[in-house]
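Computed from a prediction, not measured in an experiment: that's the story for all the values here. Residue numbering restarts at 1 for every chain, and letters A, B, ... go by the order of the sequence lines.
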Amino acid sequence: MNGVLTLLKWVFRIITAPVWVPFWILWKLGEVTGLNAVIEAIAMSTGFYVVYKNLTRKPLRLSLTMLAIFVAFTIYGTLTAFQNAFDAGVELSADDRLVSVNKINFTQPLPISYVNRVRPMEGVASVTHLNWFGGYYQDPQNVIVTFAVDEGSFFDVYGEDLVMSEEAKAAWLGNRQGLIVGESIARLNGWEVGQRIPLNSNIFSQQDGSSDWDFDIVGIYTGSDPQIDTNSIYFHYKYFNETQSFGGNFIGFMAIKTEDPDLNEAVIKQVDDLFANSPFETETVPEKVFNKGFIEQIGNIRLILSSVVLAAFFIILVIVGNSMVLAVRERTSEIGVLKTLGFTSPRIFRMVLGESFLLSIMSGSLGMLAAMGMIGVVNNAPIQLPTLIMTPDLAIEAFTYMALLGFITGIIPAVNALRLNIITALSRN
Amino acid sequence: MTKILSQIWVVIVMNITSIGQRIWMSLAAIFAVAVVVAVLLSFLAMTEGFSKTLEGSGSNTVAIVTRSGSQSELNSVLSRETINIVTTAPGIAKDANGDPIYSPELYVIVDGIKKTSGTEVNLPMRGISSVGFELRDQVSITSGRMFETGKNEIIVGEGVLREFAGFELGTTVRFGKTEWEVVGTFSTGGNAFESELWADAPTLQSQFQRGSSFQTIRVLLETPDDVSGMAEMVENDPRLFLDVVTEADYFAQQGEALNGIVIFGWIISIFMSVGALAGALNTMYTSVANRAGEIATLRAIGFSNTSAFFGTLAESIVLSVIGGFVGAMASYLFMDGLSASTLGASFTQVVFKFELTTDLFINGAFLALGIGLIGGIFPAARAARLPVIVAFRGAN
């Protein structure tokens, strides 16, 4: 029986190691360097020492409460980074870029002749076209976002977001089978410049019936912002159009760069009016609107993620709140003694509140550190996901929540302690 | 032996009846477990509902023919010529005249407005014939009438009516330049076909400039599940680049699309359980500390430490079982039957309902029991090893 329990205890210690090991190391370092003594001296003179001593008097309860807060903030940090990455697709879309698709639905085609009719319009800086290829690499499950694009005008429209060297651009223009790939997808598949790879399409087939196309990787582009998704790959529309077996001279959609975002409305009207009442009517919208609509097709991701975070916060609110109330109630007679000794009520109020703040901020910060670790793991995992980032905004938001948690869980016991009458306090036991 | 059992029983009853004295701590533990179980069950109910909807769509008496490697109906294209060849394959059921029973179908995407978000989404519009209509199990017109051939008329599935705006009976909808009248609504027993708009295939071909091409054919099989005759012909004929699978297999594979969510749900729930576990341990250690005097008294009058152990363990398990039950009830009340839609494998919205089945409840029960067991075992060990004399001192 005892042997089993010791074993379980060790298992528990090892599982929770990420929580306590950093503390232990910090403490050891402090001991060795003498930093602990210095901190102690400062803490003693400020009253922080009493708060700290109160907090750590029951190490078991403290570590359990800390564990709960730690978990909640790890979940919060990681999921919010996910949410931000999804939002980035919308927030990072250029204000001066429009997307023009078939009015029936964006999967319906448009004639390629439309591009030349849009190009000379007033307010249009440049226009390019893209066609969804339905590409996959080696395994049908390994779907890759592949577009056949007009290589000549592609960087005129997307050049501010997607960055590639001039040599690579020249190499791409000069190679009919040239393929440019994003940094993330290249890393995921181990692709390098100069490599020749086959890609399959789950929509199109070549005239001989096969569905694989050969490509030369001529360049790897990066995003101008770390949150710009670089999981897409692009190749020449001409190569696609000449080899595929059906539906030639059609494109998926047009991407239009306007001279100024203020001209967007005018350009939208010109384009849509020009093709109204033709068999291929267009619907032109700012890229931001298009991307937002696309993400919302998947469902309300924001609602799911924020519900989970909310649930996690609710749990700790109840657990931490309870143990704070309990911790202070156990000290009733002590508080009575302190008051007898001349500690003012407001000072005791501050002491209790300080304790809950300290608890919340210490464990919350550790949780956010763990979230950064999780983000690193997710970013390096072999799955196609947008890059997750711990932004300063997110960190500030997290500290706000920690402060809020400290306040809510501390206020009731603090008020109780403030109001506590010395006589009741000392006679309660 | 019976003595020990009766001792254990007495202590268990004592502990549980005294929960009221530690009501706030106990409620906190119950609440934490309830939230964790509710989160897990909500994720599981979502994926279960989605895969049930798709699995329910496929029949094993129908085979679906798509262009080789296309993965979904949307990506497939079949020429009239291909259809003429493949429908002569053996294994296809014949009608009274000896003609094969098959339905060439068109699958295009049109825009609809999702009610909950007000944004444009992809809806599947299927061109079928009366044969195609008959090939669906449990299909029925629930209001209005069937579309007429040669006319711009559509019938809409009940899932579409539930989730998307603008398809009520009698309204006229515009897709690009073409106008269509909604003349009827249909049900297929809650499966994925209810997320679709159906129209006459030749009319759809001409209105969407599709020439004489189709996207898929569905054929009625002579023997359920047996596509070998067709598969063999496709393999031996160099003109055919096709995939033939039963409809049941086709949809079963599409139903796996959300399986990643199951893994995500489990990871999140287990992670949150660690938080809930901390709550449970806190509660139970407090309980043991509060009852130190009680435990010592029992030990002093001859109760074994085993009874102290099991008494504490039982208290922890009761708390988490109550929590698990509350969580399961909450997710049942709020989640079961909830209608939602997401992007399916064919790049169109699939309308589905959250479904909480008995199997899923068992998952929730395991999670709750796990928290109760681990959250009880350490405090129980402490209760069992509490030296009598120290306990008496601690009680004062």
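- Under the 4.5 Å side-chain criterion, counting only non-hydrogen atoms from C-beta, B:Thr286 is in contact with A:Leu326.
- Across all their heavy atoms, B:Ala278 and A:Leu64 have their closest contact at CB-O, 3.2 Å.
- The contact between B:Arg382 and chain A is made entirely by side chain atoms (from C-beta outward), counting heavy-atom distances below 4.5 Å.
- With a 4.5 Å cut-off on non-hydrogen atoms, A:Ile316 does not touch chain B at all.
- Closest heavy-atom contact between A:Ser278 and B:Lys177: O-CD, 3.2 Å.
- Contact of the B:Leu281 side chain with the A:Phe12 side chain is registered, since non-hydrogen atoms from C-beta on lie closer than 4.5 Å.
- When side chains are defined from C-beta on, B:Asn122 counts as touching A:Phe106, because their heavy atoms get closer than 4.5 Å.
- Considering all non-hydrogen atoms of both residues, B:Gln209 and A:Phe280 come closest at OE1-CZ, 4.2 Å.
- The closest side-chain heavy-atom distance from B:Glu120 to A:Val285 is not below 4.5 Å.
- The closest side-chain heavy-atom distance from B:Phe43 to A:Ile304 is below 4.5 Å.
- Contact check for B:Asn282 versus A:Asn322: no side-chain heavy atoms found under the 4.5 Å cut-off.
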Before giving the answer on side-chain contact (heavy atoms from CB on, under 4.5 Å), spell out for B:Trp24 and A:Val325 the whole-Å C-alpha distance, their side-chain angles and the decisive distance to 0.1 Å. CA-CA 10 Å; B:Trp24 290 109; A:Val325 170; over 6 Å; no
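- Neither the backbone nor the side chain of A:Ala72 has a heavy atom closer than 4.5 Å to any heavy atom of chain B.
- Not a single donor-acceptor pair under 3.5 Å links the side chain of A:Gln297 to the backbone N or O of B:Gln349.
- Residue contact with chain A, scored on non-hydrogen atoms closer than 4.5 Å, is absent for B:Ala340.
- Residue contact with chain B, scored on non-hydrogen atoms closer than 4.5 Å, involves the backbone and the side chain of A:Thr65 alike.
- When heavy atoms are compared at a cutoff of 4.5 Å, B:Val33 does not approach chain A at all.
- Looking at A:Ile15, neither its backbone nor its side chain comes within 4.5 Å of chain B, counting heavy atoms on both sides.
- Contact annotation for A:Ile69: neither backbone nor side-chain heavy atoms come within less than 4.5 Å of a heavy atom of chain B.
- Neither the backbone nor the side chain of B:Gln207 comes within contact range of chain A, judged by heavy atoms closer than 4.5 Å.
- At a 4.5 Å heavy-atom cutoff, the contact between A:Gln108 and chain B is made by side-chain atoms alone.
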